[in-house]
Peer 1: 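My questions all concern the structure below.
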Amino acid sequence: MSRFFSEKYAALTPYVPGEQPRDMQYLKLNTNESPYPPIPAVVEAAREEAARANLYSDPTALALRQAVGARYGVSPDEVIAVNGSDEALNFAFMAFCDDRRPAVFPDITYGFYPVFARLNGVPYEEIPLRDDFTVDPEDYAARPGKTVFLANPNAPTGIFLPLAAVERIAASDPARVVVVDEAYVDFGGESALSLVPRYQNLLVVRTFSKSRSLAGARLGFAVGQAALIADLETIRNSTNPYNVNRMTLAMGKASLENDAVNMQNCETVAAVLDQTAEALRSLGFTVTDSSANFLFARHPAIGGEALYRKLKARGILVRHFSLPRIRDYNRITVGTAEQMKTFTAAVREILEDPS
Ligand SMILES: *Cc1c(COP(=O)(O)O)cnc(C)c1O
């Protein structure tokens with residue numbers, strides 16, 4: 001730290017992204033990326049747009065917001081485009097939390113929530129998930145006035161909270177915002193988008209990173225009633241009006257125009273997930289009931305970190321978290337059927353040779 005660093009940030013512990021090592025070619029099952037490349041029309045859209053990169057991108061992202069509107073049956077003024085959904089989450093902490101409106105989220109969830117809370121000086125409460133890693137909606141109903149952040153399906157457990165429970169939380173206090181982070185919903189959950197017309201306090205955050213093969217393009221969006229979106233636009237226009245670059249905007253639009261291909265890929269991933277979960281269970285793993293594009297699993301005979309290390313030595317990367325409640329587990333991104341065969345074969349070998 002330099003002596004110039006602002007005191008208000010001196011104690012920050014930044015979010016640690018999954019490793020992207022360069023020392024060798026790994027089978028990357030650690031950051032929930034799609035195993036499929038973007039659709040050719042999407043790559044072509046970026047190429048065409050790059051020829052106009054001397055010009056700023058559209059600060060209103062209108063064409064993309066219209067495409068989202070057409071895809072999901074919402075009005076463009078109910079949509080904000082963001083530089084990865086992480087940006088929408090940060091904007092939500094900025095816009096809807098303060099000393100009088102602390103944040104609340106589960107103890108086991110996306111690791112960026114506490115980082116954004118601290119970055120923005122927002123007090124927060126972490127509510128323990130039940131022993132089976134499910135959310136009890138009554139925990140949130142019992143904390144009116146606190147802005148709720150829920151990943152649904154949750155990460156890193158993959159467990160989906162039924163829509164009735166999301167609605168219960170949104171309805172429990174119309175005076176606080178409920179942010180539902182649906183990064184993985186295309187793989188199996190049910191979106192809370194259908195609730196937006198009835199709840200002024202509901203914000204649904206989505207990303208192109210996982211289900212649309214665009215993690216490296218950095219694109220997400222959030223949907224809510226127009227007044228809520230206008231607040232986020234105030235924050236966006238006060239930080240970076242050109243937050244999404246023109247290549248990415250064009251890719252996002254082309255991606256939505258070919259969304260059947262993306263959704264088909266999600267179905268394939270979901271099927272491979274089921275096969276992989278079954279293979280792991282037959283090897284003695286406990287596997288959570290995941291509706292996402294990753295598995296969360298532990299084995300009675302080997303610790304989470306030991307398995308992570310042994311897989312890495314074999315060229316396979318998974319994600320291990322050292323939080324006490326989940327340190328026996330690993331989070332395993334689901335790739336292609338072939339990649340997952342490689343993965344399960346490596347796991348079998350490791351279990352057979354405990355040395
Ligand atoms: C991956 C992920 C995000 C962030 O996605 P980007 O759009 O790439 O910023 C947000 N929330 C959860 C739960 C995620 O896993």
Side-chain angles (χ1 to χ4, degrees), residues 14-20 28-35 38 61 64 68 79-93 103 105-117 119 126 129 133 135 148-161 166 178-189 191-192 203-223 232 236 239-240 243-245 248-249 251-252 255-256 262 266 269 273 288 290-296 318-321 323 326 329-334:
Y15 178 72
V16 182
E19 54 191 326
Q20 306 278 8
K28 274 194 87 270
L29 305 178
N30 68 330
T31 48
N32 297 343
E33 290 144 326
S34 171
L64 182 85
V68 170
V79 181
I80 181 173
V82 285
N83 188 326
S85 60
D86 288 337
E87 188 176 59
L89 296 167
N90 188 31
F91 287 173
F93 274 93
F105 41 82
D107 63 336
I108 296 166
T109 189
Y110 188 35
F112 230 138
Y113 303 157
V115 175
F116 284 140
L119 174 67
E126 295 173 295
L129 294 174
F133 295 145
V135 168
V148 177
F149 290 82
L150 284 176
N152 198 29
N154 197 11
T157 63
I159 296 173
F160 177 70
L161 179 68
V166 175
V178 175
V179 178
V180 186
D181 174 359
E182 296 189 334
Y184 301 102
V185 78
D186 291 324
F187 296 100
S191 176
L203 185 75
V204 178
V205 177
R206 305 287 292 264
T207 177
F208 283 69
S209 292
K210 281 73 185 231
S211 59
R212 296 189 170 97
S213 301
L214 288 176
R218 313 304 304 128
L219 185 61
F221 61 93
V223 178
L232 296 173
R236 188 182 69 84
T239 50
N240 182 5
N243 60 328
V244 186
N245 73 70
T248 292
L249 285 174
M251 289 176 104
S255 182
L256 288 172
N262 295 318
C266 292
V269 166
L273 180 142
T288 60
S290 174
S291 299
N293 68 339
F294 54 82
L295 290 160
F296 196 56
V318 298
R319 186 96 200 249
H320 178 256
F321 299 93
L323 278 184
I326 56 172
Y329 286 79
N330 278 291
R331 191 194 69 191
I332 305 133
T333 303
V334 174

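Please read these numbers as outputs of a predicted model, since none were measured by experiment. Ligands are counted one by one from 1 in listed order, and the atoms in each one are counted from 1 as well.
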Peer 1: Could an N or O of ligand 1 be found under 3.5 Å from any N or O of S85, whether backbone or side chain?
Peer 2: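 Yes, since at least one N or O of S85 sits under 3.5 Å from an N or O of ligand 1.
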Peer 1: How many angstroms lie between CZ in F133 and CG in N154, if you round to the nearest 0.5 Å?
Peer 2: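 Rounded to the nearest 0.5 Å, the CZ-CG separation comes to 10.0 Å.
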Peer 1: Report the member of Y184, F149, F221, Y110 with the shortest heavy-atom distance to atom 15 (O) of ligand 1.
Peer 2: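 Of the listed residues, Y184 has the closest heavy atom.
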Peer 1: Looking at ligand 1, does N32 have a heavy atom less than 4.0 Å from it?
Peer 2: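 Heavy atoms of N32 never come under 4.0 Å of ligand 1.
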Peer 1: Suppose I only count heavy atoms of A183 and a 4.0 Å limit; which atoms of ligand 1 are within that range?
Peer 2: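 Selected atoms, number and element: 2 (C), 11 (N), 12 (C), 14 (C).
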Peer 1: Side chain or backbone of D181 under 4.0 Å from ligand 1, or both, or neither, by non-hydrogen atoms?
Peer 2: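 It is the side chain that gets close, since no backbone atom is under 4.0 Å.
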Peer 1: Measure from the side-chain N and O atoms of R319 to the backbone N and O of T31, and report whether any donor-acceptor pair falls under 3.5 Å.
Peer 2: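 No, R319 side chain to T31 backbone: no donor-acceptor pair under 3.5 Å.
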Peer 1: Looking only at protein heavy atoms, which one is nearest to atom 9 (O) of ligand 1, and how far off is it?
Peer 2: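 Closest protein heavy atom to atom 9 (O) of ligand 1: R218 NH2, 2.8 Å.
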Peer 1: So among S255, S34, S211, S213, which one has a side-chain hydrogen bond (donor to acceptor under 3.5 Å, both in side chains) with N262?
Peer 2: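 Option passing the side-chain hydrogen bond (donor to acceptor under 3.5 Å, both in side chains) with N262: S255.
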Peer 1: Report, in ascending order of atom number, the atoms of ligand 1 lying under 4.0 Å from any heavy atom of K210.
Peer 2: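 Going through ligand 1 atom by atom, the ones under 4.0 Å from K210 are 1 (C), 2 (C), 3 (C), 4 (C), 5 (O), 14 (C), 15 (O).
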Peer 1: Using the ring-ring contact (aromatic ring centres under 6.0 Å, His included) rule, take Y110 and Y15 through it: C-alpha gap first, then chi angles, then the decisive distance, then the call.
Peer 2: CA-CA 10 Å; Y110 188 35; Y15 178 72; 5.7 Å; yes
Peer 1: Hey, which atoms in ligand 1 end up nearer than 4.0 Å to a heavy atom of D86?
Peer 2: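 So the answer, numbered in order with elements, is 3 (C), 4 (C), 9 (O), 10 (C).
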Peer 1: Below 6.0 angstrom between ring centroids: does that apply to F294 and Y184?
Peer 2: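 Yes - the distance between ring centres of F294 and Y184 falls below the 6.0 Å cut-off.
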Peer 1: Which value, rounded to the nearest 0.5 Å, describes the distance between I326 atom CD1 and H320 atom NE2?
Peer 2: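 Rounded to the nearest 0.5 Å, the CD1-NE2 separation comes out at 8.0 Å.
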Peer 1: For the 3.5 Å polar cut-off, considering only N or O atoms, please tell me whether S209 and ligand 1 meet it.
Peer 2: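 S209 vs ligand 1: N/O contact under 3.5 Å present.
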Peer 1: Could you tell me how the ring of F93 sits relative to the ring of Y113: parallel (under 30°), tilted (30 to 60°) or perpendicular (over 60°)?
Peer 2: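 If you compare the ring of F93 with that of Y113, the planes turn out tilted.
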